[in-house]
Amino acid sequence: MTGMQLSRDELLRAYRTMRIIRVFEDRVSAEMASGDIPGNTHLYAGQEASAVGVCFHLTEDDKIASTHRGHGHCIAKGCDVDGMMAEIFGKDTGICRGKGGSMHIADLSKGMLGANGIVGGGPPLACGAALTAQVLNRDDVAVCFSGDGAINQGTTAESMNLAQIWKLPVIFAVEDNGFGEATAKSFVVAGEITKRAEALGMASAHVDGVDFFAVHDAAQEAVARARRGEGPTLLHIETPRYYGHFSGDPDNYRTPEEKSAMRRERDCLAVFRSRVTQAKLLDDADLDRVDAEVQQLIDSAVKAARAAPQPGLETLTTDVYVRYV
Amino acid sequence: MTGMQLSRDELLRAYRTMRIIRVFEDRVSAEMASGDIPGNTHLYAGQEASAVGVCFHLTEDDKIASTHRGHGHCIAKGCDVDGMMAEIFGKDTGICRGKGGSMHIADLSKGMLGANGIVGGGPPLACGAALTAQVLNRDDVAVCFSGDGAINQGTTAESMNLAQIWKLPVIFAVEDNGFGEATAKSFVVAGEITKRAEALGMASAHVDGVDFFAVHDAAQEAVARARRGEGPTLLHIETPRYYGHFSGDPDNYRTPEEKSAMRRERDCLAVFRSRVTQAKLLDDADLDRVDAEVQQLIDSAVKAARAAPQPGLETLTTDVYVRYV
Amino acid sequence: MPTKSYRQALNEALHHEMGRDPRVIVLGEDIAGGAGASGQKDAWGGAFGVTKGLLGAFGPTRVRDTPISESAFVGAAAGAAATGLRPVAEIMFVDFLGVCFDQIFNQAAKFRYMFGGKAVTPFVLRATFGAGTRSASQHSQALYPIFTHIPGLKVVIPSTPYDAKGLLIQAIRDDDPVIFLENKLLYDTVGEVPDGAYVVPFGEANILREGDDVTIIAFGRMVHIAMEAAGQLAKEGISCTVIDPRTTSPLDEDTILEAAEETGRVVIVDEANPRCGMAADVSSIIAEKAFGALKAPIFKVTAPHTPVPYAPNLEAAYIPDAKRIADAARAAFTYRKS
Amino acid sequence: MPTKSYRQALNEALHHEMGRDPRVIVLGEDIAGGAGASGQKDAWGGAFGVTKGLLGAFGPTRVRDTPISESAFVGAAAGAAATGLRPVAEIMFVDFLGVCFDQIFNQAAKFRYMFGGKAVTPFVLRATFGAGTRSASQHSQALYPIFTHIPGLKVVIPSTPYDAKGLLIQAIRDDDPVIFLENKLLYDTVGEVPDGAYVVPFGEANILREGDDVTIIAFGRMVHIAMEAAGQLAKEGISCTVIDPRTTSPLDEDTILEAAEETGRVVIVDEANPRCGMAADVSSIIAEKAFGALKAPIFKVTAPHTPVPYAPNLEAAYIPDAKRIADAARAAFTYRKS
Ligand SMILES: Cc1ncc(C[n+]2csc(CCOP(=O)(O)OP(=O)(O)O)c2C)c(N)n1
Ligand SMILES: Cc1ncc(C[n+]2csc(CCOP(=O)(O)OP(=O)(O)O)c2C)c(N)n1
Ligand SMILES: [Mg+2]
Ligand SMILES: [Mg+2]
């Protein structure tokens, strides 16, 4: 079933999840600017259709590995938004009890294997999750989200070959936002990304990451292929990156015109809204209701995070091992 | 000028170098079996046309990076055979004063950057040598020899991309002997090797490594391309591997029939001989004379290595730094 | 008790645990060997023969020859461990850690902490280490100080066939990431090894010999060289305690400190390089926690601060030997504070 | 003398050396920034702004933004160093060593030894290290004990703007591979820095303060925390020597041993993890070579054996502070052998 044939509930769920990500990120950006959040963070705003379009096909048993820009993947995979916000605030109620922060949000019980501070850290891990499914003869799949910059990390190439020869049920979702930090993709990535899969005989697809339905459909096929035991797929998903690389990045290597055009012309939420309202699958009131709900959800997450206690100092040295001495 | 148009002297030089490698390796194998050489070694016998066909186009200013199976590359690049043999015997007269052994033979003055005990260790180093040429505006090139197994090491993929985006004057000579240790290439390498270059927009060629002339011609083009500043090339060179993976390997994962057919049908020295004698470029007597000379050369190298002193114990702690305290 | 080699002891441990728990898998380069080729299957059983027979017993789904992609397969082992398997990955030589270290120390080792205690990563990485095989600088290092430095890893260095089996079974059953290091020169050594399964717990040192004068602490193969030295010293009337910590992380500080306090004189023997090495580590613990009992400097006997050389005579000089250990013990024994 | 930030001091060193020697190049991710994009060039000048302005001054052939391929570009720097350039590679966070360690420790560090003394590899690897920026486990480690362990590497940890400039110039002129580590929290600290070029030699410790009671040895940013503690202690009548070794390899053993002998009481402060760490290393050298003069246990003040946590309160507790140092110094000062 292609995206445009989804049920009303499914469409609302997809929109809602994208909306949560957008509002979450915009809010984290604002809190960060006002100094209420420690450290810094990499925001996913603009890329929502990718995480949601892919994760739409996954159950809690399926696994994803993520990146430094992981909030969107976490939300799309079902991580608790309150716990995520508290984690980013460094609180004891955080999803990782404040020990991980933005770059290490994880919830294994939801199949979320962790954001990752190491570019290229995820691909081997996703292969491992897929290997578990294969060895235990389950039909779970694993998705490895990574950026266009990560395509040049050796681990990515190794993992793609491994997945292909072992026919692992893994999907390499390469989110191409045109940049690795402040460097344009064109400056550092030789050739076409899908060709790197083709060279291995791996299935691949190139999709517009602003279009939820395009991502949905391509991911559907990839996930089905993996579940059938037919091996990995690479999805090359082109998206905008709304903010700078990290929260404090002046982002002056893009012209203001380029940035405003991007936000104007490449907004997956706006595109979704116009597609579903034009096709009369949902109406504006439906979507506005979601927007309002989501706003509340994030407000309350921030409020709770702010009020939550810091982790106890005794936790500094716990959780290093299951059992040490 | 293609290989078959080489001068008599050039043909004799090519044959002689291949012959030296073959006799060197057969002799190391024998000495190893009789226990006179410490450790163990990876023999290049069968692959001679690759090293010689590629290095034929290189001067002393050009650089090569090599592998654990490096004797052939060293000889083809002009390393002193006596020094190499003494090195393998662990002697003070060795090319690395006995400190490196078979896996670390190097002679930077000949542009030989070292055999390498790490699979995939060489590609970044070759890029570095090519970078030196590019920055200093010289027309040197660098060749990275590596095996079919090494193609799956992340460093190889990273280096190929780096070479391509920087248009480095480097040639990736992938010597495909069908095996990485005891595992067949087909079991671990997804897709076609040249396609991994094509995916990056890199020039490539697939050649029969038993045919010196085929290697010569493909390498000529690759080296010329690099010298013209037009960037890297991948050469996929198919060769047999006469011995087991290392000197003590029982090599029982190949059938006796397969091995004897390989030696019978895929001998670059025999192929060279028949090509040049049939074309009346050289006659058997010319080649027999080379054979005899080479035999003497190796005999005397072994004799000298055997007679040479061990390194002085004081050298254990020298050469760690140029200057430490 | 039956007598077996260190190699066989390890092989038995793998057979036991794979038989016992279907979640245990092994993966690495040529851990079977012969895949895709015309001749014999399971041709190698690992470069050192430790995994021989597993392919036949447990099949290719659980016994996996890998491409030469250490980051990918070691990382896959970490990812599989976090999702329900109990993988045992092999990197042939610990020297290869440099191509896959991130997956070990930033991923597997830190999951549990970063994720607030919610991850369990029963990941075992086996590797060989050590000089003495004329394999030169990139195939002879010890490197366990690097793993020991990293919080989240456990590090095991068995010195006998008995310990090898019991510690490997413990490693596989352990819920934390374990780096399991085998000295190549020990594979053919023999000792008593029960046929059945048993565990040797982590963090419990083995006291091989008790004496009154000098405490010698040694790791891995050095334990045997230390015992040799202790034997010589006994003839001279110097009686030594010899301790094998067996695991460097966790480290059995209590046993070490107690022995150090009893003799007041300590020698630490380690085949790794000296700077920030195991000998330094243990010395510093004693100098901080057992200082009051010390009667002599804490002597370290280690490899020099050099790469491992190839030439047999240089390599022999590189590795600590019984003479150097005995000399250090004598110096400790005869030292009088002026 | 003009006052400058640590960042600016480093930037000046790079400008000097690139101006002086055309073989010096710099490479790394976003060391300029903005490549291929529509906006400003040299947009970042490195993630921490240290390489700002080099692109404009020396052009893209010598100032190279790289792909996210640390093995390839760090290894290329090693290969370029062995063939005639003097590259300065940057890895943004030392935590990333795990994806390129082989090229550092098995290649660059060992060329000279393996090749019998015939290679010269003037390779500098700059990286940031250290906790305190709320960047969590994979962006806050110290890890210099790992580099210090490796023969063939030199390891530099400047604590002041003056040292930063002089040591970086020395690193670039040095003919051996140098790991040059910059604590992120020091970039904005200021101090006197001459405008011209000068070198601070390797292996020469800096004595920041001399005292009679306790010797404190500290590395990197910990030097400042140690000075803070020493200031407090002075008020209590405990007078401390504070030593900054500046380079951990080579290490100025003479200065350290002399100071340890003078006071007989030693505290070593290090922000790295404790096991096989710098504090252990220095402690063990003192316990072996200055034992006769010791009047108290050698105390180590280090991070705990845990990854670096994210939450600000936990991270603050992770990093050694003046209180812990002062407590250790007091314990050393008041210790009496029973
Ligand atoms: C191994 C490693 N190298 C470098 C970095 C620093 N870094 C963090 S994000 C990033 C850019 C990643 O680009 P891309 O993969 O395209 O992801 P994006 O940020 O665009 O989502 C870099 C270089 C890192 N975290 N890990
Ligand atoms: C990083 C690393 N992994 C594994 C090894 C062990 N090893 C040595 S040679 C070899 C096979 C290499 O195969 P290939 O690249 O095809 O070269 P060949 O031996 O066939 O010449 C392996 C796995 C190594 N030396 N380095
Ligand atoms: Mg990107
Ligand atoms: Mg091969």
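Quick note on labels: first sequence line is chain A, next is B, and so on, each numbered from 1. No hydrogens, no waters, no symmetry mates; every other heavy atom, side chains included, goes into these values. All values derive from a computational prediction rather than experimental measurement.
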Inset, instruction - Compare every heavy atom of Thr317(A) with every heavy atom of Pro304(D), then report the nearest pair and how far apart it is. - result: CB-CG2, 4.0 Å

Legend entry - Greater than 12 external heavy atoms within 6.0 Å of Glu228(D)'s CD: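 Enclosed.
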
Inset, instruction - Count the heavy atoms of every other residue, nucleotide or ligand shown that sit under 6.0 Å from CZ of Arg323(A), and state whether that count exceeds 12. - result: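 Atom CZ in Arg323(A) is not packed in, count stays at 12 or less.
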
Taking every non-hydrogen pair under 4.5 Å, which of [options] racks up the most with chain A?
options                                 : result
Ala47(D), Ser38(D), Pro307(D), Pro67(D) : Ser38(D)
Ser135(D), Ala32(D), Gly36(D)           : Gly36(D)
Ala37(D), Ala35(D), Pro309(D)           : Ala35(D)

Legend entry - Separation between OG of Ser137(D) and CD1 of Ile118(A), rounded to the nearest 0.5 Å: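 These two atoms lie 10.5 Å from each other.
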
Legend entry - Gap separating the NZ atom of Lys41(D) from the OH atom of Tyr253(A), nearest 0.5 angstrom: 12.0 Å

With respect to chain D, which residue among [options] yields the maximal number of heavy-atom pairs within a distance under 4.5 Å?
options                                   : value
Thr41(A), Asp249(A), Asp251(A), Ile151(A) : Asp249(A)
Gln153(A), Lys91(A), Met103(A)            : Gln153(A)
Val320(A), Thr156(A), Asn252(A)           : Asn252(A)
Asp92(A), Val188(A), Asp319(A)            : Val188(A)
Glu181(A), Arg97(A), His245(A)            : Glu181(A)

Residue part contacting chain D, namely of [X], when any heavy atom lies under 4.5 Å:
X         : result
Asn116(A) : both
Glu258(A) : side chain
Ser186(A) : side chain

Legend entry - Min side-chain heavy-atom separation Arg254(A)-Gln40(D) under 4.5 Å: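 They are not in contact (no side-chain heavy atoms under 4.5 Å apart), so the answer is no.
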
Inset, instruction - Taking the side chain as every heavy atom from C-beta outward, state whether His104(A) and Gln138(D) have any atom pair closer than 4.5 Å. - result: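 Yes, at least one pair of side-chain atoms sits under 4.5 Å.
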
Legend entry - Contacting moiety of Thr133(D), where chain A heavy atoms sit under 4.5 Å: backbone

Legend entry - Set of residues satisfying side chain to side chain contact (heavy atoms under 4.5 Å, CB included) with respect to Ser34(A), sequence neighbours excluded: Glu31(A), Asp36(A)

Legend entry - Test of ring centre spacing under 6.0 Å for Trp44(D) and Phe179(A):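 Between Phe179(A) and Trp44(D), which both carry aromatic rings, the centre distance is not below 6.0 Å.
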
Inset, instruction - For Asp30(D) and Thr183(A), test the side chains for any donor-to-acceptor distance below 3.5 angstrom and give the result as yes or no. - result: yes

Inset, instruction - Under 4.5 Å, heavy atom to heavy atom: which of residues 310-318 of chain D reach chain A? Give them by number, or say none. - result: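 The stretch touches chain A at Tyr310(D), Ala311(D), Pro312(D), Asn313(D), Leu314(D), Ala317(D), Tyr318(D).
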
